[in-house]
Amino acid sequence: MGGFSSFALSFSVISILTGATQLYGYGLQHGGPIEFSLGWLLVSVFTLAIALSMAELASSYPTAGALYHWSSFLGGRGLGWFTACFNTIGQFAILAGIDYGLTQFIVSLMGGFSSVGAISPSPVNIMGGLNGSALVTLIYVSILLSHALLNHYGIKLVAWLNDFSAAYHIIVVFIILGILTLKGFTQPLNFLFKFKLSDGYKPAYSFLIGLLVTQWTLTGYDASAHVTEETHDPRRNAPWGIFLAVLISMIMGFIMLAAITLSIKDLDQAVGFGDDAFVKIMTLRLGVKQGAAVVGLIAGAMWLCGLASMTSASRMVYAFARDGGLPFSKIWAKVNFRHKTPSNAIWGLTLLSLALVLSVRFYSAVVSIATIALYVSYGLPIVARLKYRFTKGSDTIGPWNLGKLSNLISIIAIAWICFIIVLFTLPPNEQAGKILGGILIFFFLMWHFEARKNFPGPKFHLK
């Protein structure tokens, strides 16, 4: 891989067409248009600090194990093990979130329903007599299976589709911008900073919990770090891939969301659409056929994002199991002899993603679990590096570095991660906190009784 390929991978996994549109209705309910302007920029700036710190680590320690190898290298095998565990949880939760969000889009396109975020909606009679819950489950399982089967049997096609995904995302964003601009906006620019209180919370709290829209969108940019062993000049190209993926997603996402938000005709009506808000706004502004075509293009981007997520997640599970870090590691580390893919890891992730969606009441809680778990795994190696510097002196410095600003930016990154960990486990996403609390207790027990004795730590392959 060259520099562009490294960037393209992280840019595709971030996928502003996926996260921002899937939670668009959530943002309208918790703050309104200001979430897509001031909220987007606020979160983006702090996320950029995290990306900068991670990019610096990728330059110093270019290894495919990335996050959990960095933590192990700087903080010991125990910290590395916990980093890998949280990253694994985040990987399958983000897969579940992407594919369920795509399911909602497909149901909306078919003239379905919205239950304002509920995973288990009230039955409605559509599509040949299937009730709403059965239809959602059927579509969700079908999407998961398509990603699992392709990753199991068609790895060459998957590789081509992952490369194609970045170009597809950029083209679709420009199509959306072009169509909405030609159609003309229905609101003035100051509408972007309008606050809408519709969730029953106090204004400041409503705005803060609405930040989940942006934070969920800006995840997955560690992908460039995971392919450093396959990248030319990784000490420079991998960090640039991480940084540019976040920066360009930040800019393009802001412009795209501004165009969509300025196309809202009636804000009260849009808020009432719930999870269907994005689909309904597009069809009302562009007409049913053209609106459905735009939504269909975005659904394609979501499917590609989910495919890449399954690829990334299964490799993470395989790598961690190969190092002996998971229960029944020999099973998950098995490579299919014929197809040369980590087939058991792929199907294990498929079952876990299905179980997560069936057990969680609100879609935003699934998103919160994925976001928090991933950002914990992002933060732990940054903490390890700071502690290493303060206790042992200077560590390895790569050619891509932040110089004297390194420690300050790392501290800002850690503070923001701590803030969102608390924020995204508060109502209405308290179920995410309960599930993550249970997971954390399970991790500590597993470390104490099993992994502490048997996990040897990763093998490092610095390029």
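It should be emphasised that the depicted structure is a prediction, and the values quoted were computed from it without experimental measurement.
Under a 3.5 Å cut-off, the side chain of T217 and the backbone N or O of A20 do form a donor-acceptor pair. Side chain of S309 to backbone of C305: no donor-acceptor contact under 3.5 angstrom is found. A donor-acceptor distance shorter than 3.5 angstrom exists from the side chain of H147 to the backbone of W303, with no hydrogens or angles considered. Side-chain atoms of Y100 do not come within 3.5 Å of backbone N or O of S353 as any donor-acceptor pair. Using modelled atom types, no side-chain atom of S10 and backbone atom of F7 make a donor-acceptor pair closer than 3.5 Å. Using modelled atom types, one side-chain atom of Q187 and one backbone atom of I264 make a donor-acceptor pair closer than 3.5 Å. For the pair S60 (side chain) and G398 (backbone), a donor-acceptor distance under 3.5 Å is present. W216 contributes no side-chain N or O that, together with a main-chain N or O of S368, makes up a donor-acceptor pair within less than 3.5 Å. At least one donor-acceptor pair closer than 3.5 Å links the side chain of S37 to the backbone N or O of L192. For N87 (side chain) and S377 (main-chain N/O), no donor-acceptor pair under 3.5 Å exists by modelled atom type.
Between I420 and F46, every side-chain heavy-atom pair lies at or beyond the 4.5 Å cut-off. Side-chain atoms of I298 and F278, non-hydrogen and from C-beta on, do get closer than 4.5 Å to each other. Considering only heavy atoms from C-beta on, L218 comes within 4.5 Å of I14 through its side chain. Put simply, the side chain of C85 reaches to within 4.5 Å of the side chain of F320, judged on heavy atoms. Looking at T47 and Y375, their side chains come closer than 4.5 Å, going by heavy atoms from C-beta outward. Side-chain contact between L208 and F424 is absent, with no heavy-atom pair separated by less than 4.5 Å.
Side-chain N/O atoms of S12 and H169 include no donor and acceptor closer than 3.5 Å. At a cut-off of 3.5 Å, with distance as the only test, a side-chain donor of S406 or R389 sits close to an acceptor on the other residue.
Checked against a 6.0 Å centroid threshold, the rings of F86 and F443 count as neighbours. Aromatic rings of H30 and Y26 (six-membered ring for Trp) have centroids within the 6.0 Å cut-off, being under it. Ring to ring, W416 and F419 are close: their centroids are under 6.0 angstrom apart. No close placement of the F273 and Y24 rings is indicated, their centers lying 6.0 Å or farther apart.
Using bins of under 30°, 30° to 60° and over 60° for the plane-to-plane angle, the ring pair Y205/Y201 lands in the perpendicular bin. Under the 30°/60° scheme for interplanar angles, the aromatic rings of F82 and F444 are found to be tilted.
With a 6.0 Å radius and a threshold of 12 heavy atoms from other residues, nucleotides or ligands, F193 has its CZ atom above the threshold.
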